[in-house]
Amino acid sequence: MKLLDKLAIAAATACCFTAMTAAASAYPDRPIRMVVGYAAGGPTDVIARVVAKHMSDNLGQPVVVENKPGASAHIATNDVMTSAPDGYKVLVTSLTLNVNPLLYPDRYTYDAVKSFEPVSNFVQLPMVVVTNYDSPYKDMASLIADAKANPQQLTFGSSGFGGSAHLAAEMLSAKAGIKMIHVPFKGNGPALQEMIAGRISFMFYPSIGIANYVTDKKLRVLAVGTKEPLSDFPGVPTLESQGLIGFEGGSSWIGMVAPAGTPRDIVDKLNQSAVTALSQPEVREQLKQLGAQVVGDTPEQFRDFLIADKKRWADVIKQGNVKPE
């Protein structure tokens with residue numbers, strides 16, 4: 001290659017780098033679309049809107065939540081994954097980001113940490129075991145004893161196949177050595193109403209938004225999936241205290257990712273904006289009232305979490321022989 005050609009390539013590369021740097025330093029100069037793969041009103045949507053409002057304030061540009069439900073959140077996932085890596089479209093997602101490719105490898109061929117740039121894990125939503133208030137089960141021991149005495153008789157509800165409630169119950173099946181019947185619903189709301197009506201035996205449910213049902217004696221919490229007891233449910237033991245280890249790691253989470261190739265300067269700005277929003281006292285209090293535990297980690301920490309999360313659910317799916325229904 002001639003010297004002039006080499007110089008021309010070097011100059012073009014330098015111009016491209018300069019343009020990218022300038023674009024990153026000016027970011028954002030227009031609204032950001034925060035895509036959510038679930039319907040409005042669900043846990044992921046509620047958390048996204050709380051964070052988006054305060055990100056808008058500290059970025060100086062609107063952060064607009066856009067709901068694209070369907071296909072177990074894959075419509076939203078694919079939309080962001082194939083978008084320009086410029087920081088103007090991001091995805092607020094949950095464990096389906098890892099679980100979908102594990103359950104449907106032929107359908108979903110992406111990888112959470114290769115097809116996206118992790119930005120920050122917003123919150124953890126601890127899972128709690130709930131049953132109807134008038135249920136015969138007053139603790140986990142009685143529920144497990146009944147399940148062992150009557151295989152394939154107990155029913156557990158969930159928001160759908162492959163969701164956090166489904167997989168948490170599969171974890172319980174594997175750890176306690178019991179067999180139960182999965183009853184999936186189209187969302188946490190319908191599942192919870194069936195639980196309140198007493199038409200299913202029990203279910204795992206994210207800690208968000210159930211305290212009032214417990215106070216009104218419509219639900220009973222049998223155990224919490226955290227290392228320490230939860231103040232929202234005084235007197236309720238942890239699963240770990242009953243010899244059921246690892247459920248704190250199986251908590252549902254809600255975090256944000258950007259398309260792969262998004263410049264690091266932009267990822268850092270998004271991360272700083274999200275962490276700043278999550279550090280606001282009013283935001284922390286609002287999320288606490290919802291039953292969420294604030295995380296607000298770095299892109300590197302979130303990446304490591306996603307890798308560990310994938311392995312955790314791969315093990316659960318294998319041990320429980322979980323297959324698409």
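- Exactly one of Asp146, Thr131, Asn132 qualifies for a side-chain hydrogen bond (donor to acceptor under 3.5 Å, both in side chains) with Tyr137. That residue is Asp146.
- Distance alone, capped at 3.5 Å, places no donor-acceptor pair between the Thr262 side chain and the Ala258 backbone.
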request  = Decide yes or no on side-chain contact (heavy atoms from CB on, under 4.5 Å) for Val123 and Val51, but give the supporting numbers first.
outcome  = CA-CA 10 Å; Val123 300; Val51 179; over 6 Å; no
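- With respect to the salt-bridge test (charged N to carboxylate O, under 4.0 angstrom), the residues Lys310 and Asp111 qualify.
- Contact record, Ser135 with Lys138: O-NZ, 2.8 Å, taken as the closest heavy-atom pair.
- Taking CG from Leu102 and CD1 from Ile317, the interatomic distance works out to 4.5 Å, rounded to the nearest 0.5 Å.
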Chi angles and distances behind the side-chain contact (heavy atoms from CB on, under 4.5 Å) call for Met256, Leu270 = CA-CA 9 Å; Met256 182 167 69; Leu270 287 167; 4.2 Å; yes
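- The environment of Glu300 atom CD is dense: over 12 non-hydrogen atoms of other residues, nucleotides or ligands sit within 6.0 angstrom.
- Side-chain contact between Asn98 and Leu306: present, with at least one pair of heavy atoms (C-beta onward) separated by less than 4.5 Å.
- You'll find the side chain of Leu125 reaches within 4.5 Å of the side chain of Pro43, heavy atoms only.
- Within the 4.5 Å cutoff, the side chain of Ile144 has heavy atoms near those of the Ile178 side chain.
- Put simply, the side chain of Val129 does not reach to within 4.5 Å of the side chain of Val221, judged on heavy atoms.
- The aromatic rings of Tyr110 and Phe116 sit perpendicular, their planes meeting at an angle over 60°, well past the 30° parallel limit.
- Ser201 places no side-chain N or O within 3.5 Å of a backbone atom of Leu154 that could act as its donor or acceptor partner.
- For the 3.5 Å distance criterion, the side chains of Asn121 and Asp297 fail to qualify, holding no donor opposite an acceptor.
- Hydrophobic clustering (ILVMFWY, side-chain heavy atoms < 4.5 Å, transitive): Phe202 and Leu244 are in one cluster.
- Within the 3.5 Å criterion, the main-chain N or O of Ser142 finds a donor-acceptor partner in the side chain of Asp139.
- With salt bridges taken as basic N to acidic carboxylate O contacts below 4.0 Å, one links Lys89 and Asp79.
- Closest of all the heavy-atom pairs between Pro118 and Phe302 is CB-CD2, 3.7 Å.
- Defined by atom type and a distance below 3.5 Å, a donor-acceptor pair is missing between the side-chain atoms of Asp265 and Tyr27.
- Here the side chain of Arg303 pairs a donor or acceptor atom with the backbone of Val113 at under 3.5 angstrom.
- Phe122 and Trp253 have their aromatic ring centers separated by at least 6.0 angstrom.
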inquiry  = For a side-chain contact (heavy atoms from CB on, under 4.5 Å) check, start with the C-alpha distance between Val130 and Ile210, then their side-chain angles and the critical distance, and finish with the verdict.
reply    = CA-CA 9 Å; Val130 297; Ile210 66 166; 3.9 Å; yes
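- Both Val92 and Val283 sit in one connected hydrophobic cluster of ILVMFWY residues. Membership requires side-chain heavy atoms under 4.5 Å apart, directly or through other members.
- The shortest heavy-atom contact between Ala84 and Pro259 is O-CG, 4.0 Å.
- Taking CD1 of Ile47 as the reference point, atom CD of Gln286 lies at 8.5 Å (rounded to 0.5 Å).
- Taking hydrophobic clusters as Ile, Leu, Val, Met, Phe, Trp and Tyr residues chained together by side-chain heavy-atom distances below 4.5 Å, Val295 does not share a cluster with Leu278.
- The two residues Ser115 and Met81 come nearest to each other via the heavy atoms CB-SD, 3.7 Å.
- Across every non-hydrogen atom of Pro31 and Gln61, the tightest pair is N-OE1, 3.7 Å.
- No side-chain heavy atom of Phe247 sits less than 4.5 Å from a side-chain heavy atom of Glu240.
- No side-chain donor from either of Thr215 and Asn212 sits under 3.5 Å from a side-chain acceptor of the other.
- Taking both residues in full, the closest heavy atoms of Ala165 and Gly157 are given as CB-O, 4.2 Å, listed atom of the first, atom of the second, then distance.
- Between the OG atom in Ser158 and the CE atom in Met195 there is a gap of 12.5 Å [rounded to 0.5 Å].
- Using the six-membered ring where Trp is involved, Phe161 and Tyr104 have ring planes that are perpendicular, over 60° apart on the 30 and 60° scheme.
- Within the structure, salt bridge (charged side-chain N to carboxylate O under 4.0 Å, His left out) contacts touching residues 25-37 (residues at least two apart or in different chains) are Arg30-Asp86, Arg33-Glu66.
- In this structure, Val224 is not a member of the same hydrophobic cluster as Leu222, with clusters built from ILVMFWY side-chain heavy atoms closer than 4.5 Å.
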request  = Please lay out, stage by stage, how Phe156 and His166 fare under the test side-chain contact (heavy atoms from CB on, under 4.5 Å).
outcome  = CA-CA 8 Å; Phe156 66 89; His166 175 206; 3.9 Å; yes
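- Separating the OG1 atom in Thr226 from the CD atom in Gln124 is a distance of 11.5 Å, to the nearest 0.5 Å.
- Rounding to the nearest 0.5 Å gives a distance of 8.0 Å between OG of Ser56 and CE of Met34.
- At distances below 3.5 Å, not a single donor-acceptor pair connects side-chain atoms of Thr238 with backbone N or O atoms of Pro229.
- For the pair Leu97 and Leu91, the minimum side-chain heavy-atom distance is below 4.5 Å.
- If you look at Tyr213 and Tyr133, their ring centroids are not closer than 6.0 Å.
- Identified under the side-chain hydrogen bond (donor to acceptor under 3.5 Å, both in side chains) test for residues 271-283, with sequence neighbours left out: Asn58-Ser273.
- Looking at Met171 and Trp313, their side chains come closer than 4.5 Å, going by heavy atoms from C-beta outward.
- In this structure, Asp268 pairs ionically with Arg264, as a charged nitrogen and a carboxylate oxygen lie closer than 4.0 Å.
- When side chains are defined from C-beta on, Thr298 does not count as touching Val275, because their heavy atoms never get closer than 4.5 Å.
- Hydrophobic clustering keeps Val128 apart from Leu95 (ILVMFWY residues linked when any side-chain heavy atoms are closer than 4.5 Å, directly or through intermediates).
- One finds no salt bridge joining Lys318 and Asp315 here, because no Lys/Arg side-chain nitrogen approaches an Asp/Glu carboxylate oxygen to under 4.0 Å.
- Applying the side-chain hydrogen bond (donor to acceptor under 3.5 Å, both in side chains) definition to pairs two or more places apart or across chains, those involving residues 34-49 are Tyr38-Thr96, Asp45-Arg49, Asp45-Asn67, Arg49-Asn67.
- Ser173 places a side-chain N or O within donor-acceptor distance of the main-chain N or O of Ala169, the cut-off being under 3.5 Å.
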